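Because the structure is a prediction, the values reported are computed rather than measured.
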Amino acid sequence: MSPTFDAAGVRDDVVAWFDEHARDLPWRAPDRTPWGVLVSEVMLQQTPVVRVEPAWRAWMTRWPTPADLAAASTADVLRAWDRLGYPRRALRLQECARAVVERHGGEVPDDEAALLALPGIGSYTAAAVRAFAFGRRSVVLDTNVRRVIARVAAGTALPAPSQTVGEVALAGTFVPDDDATAARWAAASMELGALVCAARSPRCDACPVADRCAWRAAGRPGDEHAARRRTQAWAGTDRQVRGRVMALLREAIGPVPQDAIDAVWPDAVQRERCVDALVADGLVVRVPGRDDDAPPTYRLPA
DNA sequence: AATTCGGGGTG
DNA sequence: CACCCAGAATT
């Protein structure tokens, strides 16, 4: 990027674009709560907006506050999470609710360190909650913002596989000092990345900063890190096996017999490794049989 | 810095 | 069928 790159100009144009094109998402509604924002951010960790929206509505109707979720049965929480992916996130969200109740009197904290100390809340989510729930200045750097900045300022097709210190510093140059504008930039840059500056097929013709974009000026070169990116395999992995076990337990009314578990995956070694891991993760409970000979049963945590 | 952790929609 | 999705925690 040029040392005279006009980050402030880009920011202002993107914020103006956002005022016209922002999606009407429920966690942006005027009646949203900080807890609702936090729930949305955890659900959105690696799960697309279109799948989160209906789940979020149902979830917030059922458990509107941290205290409500803290008091819920974990089995109900995991069932409500359904197929949003990575069920450990649901577990962490309930742990987060309990921590908010115990440490902060049931109110989501607006302090960065306090947010980061909550289960399931990392650097992105802590910054996002500060910006979107409290309107405070923070450097919100998700996959969308990373891509927007990589293109417009660094001139690359995609950001590096892992986030760097320099990248965070560069992102900081776009964030103004005042809370309100900083929060708007956070939402606007994410929205631009999601709707226009997309990973797969960017719509540069609809981009408010196309004429300022270093990547476009360079002729939209290909991804320099393409060789090192490898999408995670799915078929045959432990993640698929774990997913099948969790799906079985979510749908079960009562205790699930060992036979039923055995039926979800043919490879006994892999299957047992996965079930053991799920038990260790706190996602599954193994109930010993009556006798030593009797096989155990399985269920979701109470 | 590299791995692991779901699941589904799309070009 | 590879790729992507408002990442976090662990090693």
Side-chain angles (χ1 to χ4, degrees), chain A residues 18 22-23 25-28 37-56 78 81-93 95-96 115-133 138-149 157-165 167 171 183 185-195 197-203 223 225-250 273-274 277-278 280-284:
Chain A
F18 182 65
R23 286 171 292 181
L25 300 171
W27 46 87
R28 289 177 178 164
V37 172
L38 189 155
V39 171
S40 78
E41 292 302 338
V42 172
M43 287 185 172
L44 287 162
Q45 292 167 2
Q46 298 289 277
T47 302
V49 168
V50 288
R51 288 172 55 198
V52 165
E53 185 167 350
W56 184 89
L78 290 171
W81 191 261
D82 196 37
R83 297 183 170 184
L84 286 181
Y86 297 144
R88 55 174 50 171
R89 286 188 291 146
L91 221 48
R92 300 254 165 76
L93 183 55
E95 293 168 7
C96 179
L115 284 165
L116 273 175
L118 295 171
I121 308 298
S123 58
Y124 162 74
T125 306
V129 169
R130 266 178 62 78
F132 304 146
S138 60
V139 180
V140 176
L141 200 52
D142 79 322
T143 186
N144 291 301
V145 181
R146 293 189 67 210
R147 186 174 54 251
V148 167
I149 291 177
L158 294 172
S162 50
Q163 189 174 303
T164 65
V165 176
E167 186 181 1
W185 158 252
S189 54
M190 288 175 64
E191 197 79 336
L192 186 72
L195 299 182
C197 195
R200 206 73 73 87
S201 27
R203 300 171 46 215
D223 174 23
H225 303 100
R228 292 193 55 250
R229 292 184 212 279
R230 186 164 312 210
T231 69
Q232 298 174 318
W234 170 244
T237 61
D238 286 5
R239 279 161 53 241
Q240 184 183 23
V241 179
R242 289 166 57 108
R244 285 195 183 183
V245 173
M246 290 301 295
L248 176 65
L249 294 187
R250 280 197 305 267
R273 175 176 72 237
C274 289
L278 287 170
D281 289 346
L283 288 164
V284 170

*Say whether Glu41(A) and Tyr124(A), considering side chains only, have a donor N or O and an acceptor N or O under 3.5 Å apart.*
yes

*Would you say Met246(A) and Leu78(A) make side-chain contact, with heavy atoms under 4.5 Å?*
yes

*Find the distance Arg239(A):CZ to dC5(B):P and express it as a whole number of Å.*
7 Å

*With the threshold set at 4.0 Å, does a side-chain nitrogen-carboxylate oxygen contact exist between Arg28(A) and Glu191(A)?*
yes

*Which part of the nucleic acid does Arg250(A) contact within heavy-atom distance under 4.0 Å: base, sugar-phosphate only, or nothing?*
sugar-phosphate

*Starting at CZ of Arg244(A) and ending at P of dC5(B), how long is that distance when rounded to a whole Å?*
16 Å

_Leu78(A) CG to dG6(B) P, straight-line distance once rounded to whole Å_ = 11 Å

*Write down the distance separating the P atoms in dG6(B) and dT10(C), rounded off to the nearest Å.*
15 Å

*Residue pairs fulfilling salt bridge (charged side-chain N to carboxylate O under 4.0 Å, His left out) with at least one residue in residues 234-246 of chain A, sequence neighbours excluded*: Asp238(A)-Arg273(A), Arg242(A)-Asp281(A)

*So do Leu25(A) and Trp56(A) actually touch side chain to side chain, heavy atoms under 4.5 Å?*
no

_I'd like the P distance from dA6(C) over to dT3(B), given in whole Å._
24 Å

_If you assign Trp234(A) and Thr164(A) each to the DNA chain B nucleotide with the nearest heavy atom, which residue ends up on the more 5' nucleotide?_
Thr164(A)

*Have a look at Pro161(A) and say if it touches a base, only the backbone sugar-phosphate, or nothing, with a 4.0 Å heavy-atom cut-off.*
nothing

_If I compare all heavy atoms of Val145(A) with all of Asp142(A), which pair ends up nearest, and what's the gap?_
N-OD1, 2.8 Å

_Using a distance-only criterion (donor-acceptor N/O pair, under 3.5 Å, no hydrogens), is the base of dG7(B) paired with the side chain of Arg83(A)?_
no

*For Arg242(A) and dT4(B), give me the distance from atom CZ to atom C1', rounded to whole Å.*
9 Å

*Measure from CZ on Arg230(A) to P on dA2(B) and round the result to the nearest Å.*
13 Å

_Heavy-atom closest pair, residues Ala131(A) and Ser138(A)_ = CB-OG, 3.8 Å

_Annotated protein contacts, base or backbone, on nucleotides 4-11 of chain C with a non-hydrogen cut-off under 4.0 Å, one of B, S, - each_ = SBBBSS--

